[in-house]
Every structure is written in structure tokens, then in C-alpha cells.
Amino acid sequence: QVQLVESGGGLAQAGGSLRLSCAASGIIFSINTMGWYRQAPEKQRELVAVFTKGGSTNYADSVKGRFTISRDNAKNTVYLQMNSLKTEDTAVYYCRAGGLYDGGSRLIDFAAWGQGTQVTVHS
């Protein structure tokens with residue numbers, strides 16, 4: 001069983017900052033990809049930022065220069081530092097991770113989603 005738990009969401013003023021955290025729990029051998037998605041009401045879920053085990057990062061054009069994704073491999077945790085927040089950043093943010101977990105006698109692929117954390121930016 002692999003679980004992802006997001007935290008750090010809340011209210012912020014436009015121009016302010018928030019830092020989201022996502023901790024993966026379980027008998028995890030490795031996390032190969034870990035990233036953040038968001039979904040606003042009546043909109044499709046979209047990728048915000050992704051961080052691979054090899055160090056590659058990708059950001060949505062709308063957040064480039066404002067958001068930074070980072071990770072702590074030892075803690076199986078990924079962060080999203082959100083600066084210069086805009087009202088359009090308001091959404092539920094979901095953590096996603098994929099990798100390998102210890103199945104007892106073999107390694108098994110996993111892909112998991114967190115439950116989401118609400119980010120609300122007001123002007």
C-alpha cells in the first residue's frame with residue numbers, strides 16, 4: 001500500500017506564497033516520478049509541475065518562474081513552492097507519485113494520487 005498525503009494548502013493573497021508538501025508512505029523502494037496537478041471547478045485536471053528521479057523538471061507555462069518543485073528522496077516527499085500567486089491559481093492541488101514498492105518478494109510498479117489540498121488565492 002502506497003499513500004500520498006498533501007498538506008500546506010490554504011488561503012493566500014494574490015502576490016503571496018504557499019508551500020505544498022506531499023509525503024509518500026508505504027514500503028517504497030523508489031519513487032521515479034513525483035509531481036503536482038491541479039483542478040479548478042468546472043475545469044480539467046492539469047499538470048502543474050513534475051520532478052523525476054533523474055532530476056528533470058517540467059512546469060506548466062502558466063506557473064513557470066513562479067512555482068518551484070523540489071523533493072527530498074530520503075523522506076519520499078515532494079514540495080511545491082508557489083510564489084507570486086494569482087487568483088487563477090485557485091484549485092485543488094493533487095500530488096502524484098509513481099515508482100516501485102516492496103512487494104515482499106519482488107518490486108512492484110505503483111502510481112498513486114493524493115486526496116488533494118485546496119489552494120485559494122484572493123485579491
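Everything quoted here is computed from the prediction, not taken from an experiment.
- Both Ile108 and Ile31 are assigned to one and the same hydrophobic cluster, defined by single-linkage of ILVMFWY side chains at heavy-atom distances under 4.5 Å.
- Nearest approach of Val78 to Cys95, heavy atoms of both residues: CG1-SG, 3.8 Å.
- When side chains are defined from C-beta on, Arg38 counts as touching Ser62, because their heavy atoms get closer than 4.5 Å.
- Between Leu47 and Asn58 the shortest heavy-atom distance is CD2-O, 4.3 Å.
- Under the rule for a ring-ring contact (aromatic ring centres under 6.0 Å, His included), the partners of Tyr37 that lie at least two apart in sequence or sit in another chain are Trp113.
- A donor-acceptor pair is defined here as one N or O able to donate and one able to accept, closer than 3.5 Å; such a pair exists between the side chain of Thr90 and the backbone of Val121.
- Separation of atoms CG (Leu85) and CD (Gln13) is listed at 10.5 Å; rounding is to 0.5 Å.
- Distance alone, capped at 3.5 Å, is enough to place a donor-acceptor pair between the His122 side chain and the Ala12 backbone.
- For the ring-ring contact (aromatic ring centres under 6.0 Å, His included) condition, no pair includes a residue of residues 54-105, sequence neighbours left out.
- Of the possible polar contacts, none joining the Gln115 side chain to the Glu6 backbone as a donor-acceptor pair under 3.5 Å is found.
- For the pair Leu100/Ile28, no side-chain contact is recorded, criterion being any heavy-atom separation below 4.5 Å from C-beta on.
- By the 4.5 Å heavy-atom criterion applied to side chains, Leu20 and Val119 are counted as neighbours.
- Counting all heavy atoms, side chain and backbone alike, Gln39 lies closest to Lys43 at NE2-O, 3.1 Å.
- In this structure, Val48 is not a member of the same hydrophobic cluster as Val50, with clusters built from ILVMFWY side-chain heavy atoms closer than 4.5 Å.
- Salt-bridge annotation for Asp89 and Lys86: absent, with no side-chain N of the basic residue lying under 4.0 Å from a carboxylate O of the acidic one.
- Minimum heavy-atom separation, Ile69 to Ala49: CD1-O, 3.7 Å.
- Between Val5 and Ser25, every side-chain heavy-atom pair lies at or beyond the 4.5 Å cut-off.
- Note that the CG atom of Leu80 and the SG atom of Cys22 stand 10.5 Å from one another [nearest 0.5 Å].
- Side-chain contact between Met34 and Arg96 is absent, with no heavy-atom pair separated by less than 4.5 Å.
- Contact record, Ser17 with Gln81: CB-NE2, 3.9 Å, taken as the closest heavy-atom pair.
- Closest non-hydrogen pair, Ala91 versus Ala40, comes out as CB-N, 3.8 Å.
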